[in-house]
Q: 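Questions regarding the structure given below will be posed in turn.
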Amino acid sequence: MPGEPFATTLTGLAAELASVRDRLEALAQAPPVPGSSAPDSPAAALPGGVGEVIYGKAEQRRRVQLLQREARKEVLGFVRPPYVDQENPVQAERLAAGVVYRSLYEASALAYPGSADLPGFIPPGEQARATPRVPMKLMIVDGERALLPLHGKGERGDLASGGLLLLNPSLLVDALLELFEDRWLRATPLRFTEDPEVPASPTLDAQLLSLLMSGLPDKAVATQLGISLRTLQRRIRSLMESTGTANRTQLAWYVAQQRLA
């Protein structure tokens, strides 16, 4: 109906999107119409110009990079493992060209093997936030086109075999954009520094708080900071003392009230 919101709640919106993806998956598995892409080709067009399904790791990597290079203003993303590529070689050049990147990381991404060993895992210039869970992997470019796994099971498995769904401008992309912005507002900003091992630095406090508020386990937080678990626990106790809080729940409330993370 004109003027009716796509979904009245975030849960309703996510359910609608899951339902739409199920229907698109059925379309992608249907017999091809005359003149359309063959099932074994790198990409298969969906009926009605809705978008296309991209197969094969090499083609998926190429299209992810191409989509970013075509961005004029902004690239948004839900990030969680596993990855087609753990590093994004195109992002630095697009950031330098003035394209804004806003990435919402699931906590599992920060604990993923190897993430703490990559200085550019969250590149300088990227606006990064964290949340305990994101509903799917997702990339939205300029609010017009969206890229996400076609199969729900592929989101935590082999993307190359599951296929990536590239959506053209549509109400579906508008709904995904609404979902991203809602989750972004609720998420915790992530702050990283060049030298995270300086224990007395106020910047380290901001970095530590942002990781704690993201829902990351203590062991993963310590790994990201490059400090021992015992040192982390001492720093948390020190934060509680300096903020006058008695436990982590009170500390989280204080951080939220003071907008420290």
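On a predicted model such as this, the values are computed, not experimentally measured, just so you know. Below, all heavy atoms of this structure are taken into account, side chains as well, without hydrogens, waters or symmetry copies.
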Q: Going by heavy atoms in the side chains, are R145 and P169 under 4.5 Å from each other?
A: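 R145 vs P169: side chains touch.
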
Q: Between R80 (side chain) and V134 (backbone), is there a donor-acceptor pair under 3.5 Å?
A: yes

Q: Given N168 and E52, is the side chain to side chain donor-acceptor pair (under 3.5 Å) satisfied, shown in steps?
A: CA-CA 8 Å; N168 294 325; E52 57 184 314; over 6 Å; no

Q: What is the minimum heavy-atom distance between G125 and L95, and which atoms define it?
A: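 So the minimum-distance heavy-atom pair works out to O-CD2, 3.9 Å.
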
Q: What's the separation between atom CG in L179 and atom CG in L76, rounded to the nearest 0.5 Å?
A: 11.5 Å

Q: Decide whether V90 and V75 are clustered together by the hydrophobic rule: side chain heavy atoms of Ile, Leu, Val, Met, Phe, Trp, Tyr closer than 4.5 Å, transitively.
A: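 Different clusters.
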
Q: Can you give me the closest heavy-atom contact between L138 and A146, atom names plus distance?
A: CD1-CB, 4.2 Å

Q: Taking salt bridge (Lys or Arg N to Asp or Glu O under 4.0 Å) as the definition, give me every residue that meets it alongside R72, ordered by chain and number, with sequence neighbours left out.
A: D142, E144

Q: Under the side-chain contact (heavy atoms from CB on, under 4.5 Å) criterion, do L104 and F180 qualify, and how do the steps go?
A: CA-CA 8 Å; L104 182 53; F180 176 88; 4.2 Å; yes

Q: Are L225 and L208 side-chain neighbours, meaning at least one heavy-atom pair lies under 4.5 Å?
A: yes

Q: With sequence neighbours excluded, give me every salt bridge (Lys or Arg N to Asp or Glu O under 4.0 Å) pair touching residues 216-233.
A: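 The answer is D218-R248.
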
Q: Kindly work out whether a path of hydrophobic side-chain contacts (I/L/V/M/F/W/Y, heavy atoms less than 4.5 Å apart) joins I227 to L229.
A: yes

Q: Listed by chain and number, what are the salt bridge (Lys or Arg N to Asp or Glu O under 4.0 Å) partners of E59, not counting sequence neighbours?
A: R62, R63

Q: Taking salt bridge (Lys or Arg N to Asp or Glu O under 4.0 Å) as the cut-off, I'd like each qualifying pair that reaches into residues 89-105, sequence neighbours left out, listed once.
A: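 Non-adjacent pairs meeting salt bridge (Lys or Arg N to Asp or Glu O under 4.0 Å): R69-E93, E74-R102, R102-E181.
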
Q: May I ask you to test the L176-L167 pair for a side-chain heavy-atom distance under 4.5 Å?
A: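 Of all side-chain heavy-atom pairs linking L167 with L176, at least one is under 4.5 Å.
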
Q: Side-chain contact, heavy-atom cut-off 4.5 Å: P149 with L165?
A: no

Q: Determine whether L164 and L148 make a side-chain contact, defined as any pair of heavy atoms from C-beta on separated by less than 4.5 Å.
A: no

Q: Quick one: closest heavy-atom pair of Q65 and P89, and the distance?
A: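 Of all heavy-atom pairs spanning Q65 and P89, the closest is NE2-CG, 3.7 Å.
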
Q: I need the I236 CD1 to M240 CE distance, nearest 0.5 Å.
A: 6.5 Å

Q: Check whether any side-chain heavy atom of M139 lies under 4.5 Å from a side-chain heavy atom of V64, and answer yes or no.
A: yes

Q: Is the shortest side-chain heavy-atom distance between F78 and R183 below 4.5 Å?
A: yes

Q: Find the distance between OH (Y55) and CG (L150) and round it off to the nearest 0.5 Å.
A: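 Here the rounded value is 6.0 Å.
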
Q: Given side chains that start at C-beta, do those of I54 and L147 come closer than 4.5 Å, heavy atoms only?
A: yes

Q: Apply ring-ring contact (aromatic ring centres under 6.0 Å, His included) to Y101 and list each qualifying residue two or more places apart in sequence or on a separate chain.
A: none

Q: Sequence neighbours excluded, which residues qualify as side chain to side chain donor-acceptor pair (under 3.5 Å) partners of S103?
A: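 Checked S103 against side chain to side chain donor-acceptor pair (under 3.5 Å); matches are E126.
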
Q: Please find the pair of heavy atoms, one from A187 and one from A130, that lie closest to each other, and give the distance.
A: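 Between these two residues, the closest heavy atoms are CB-O, 3.4 Å.
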
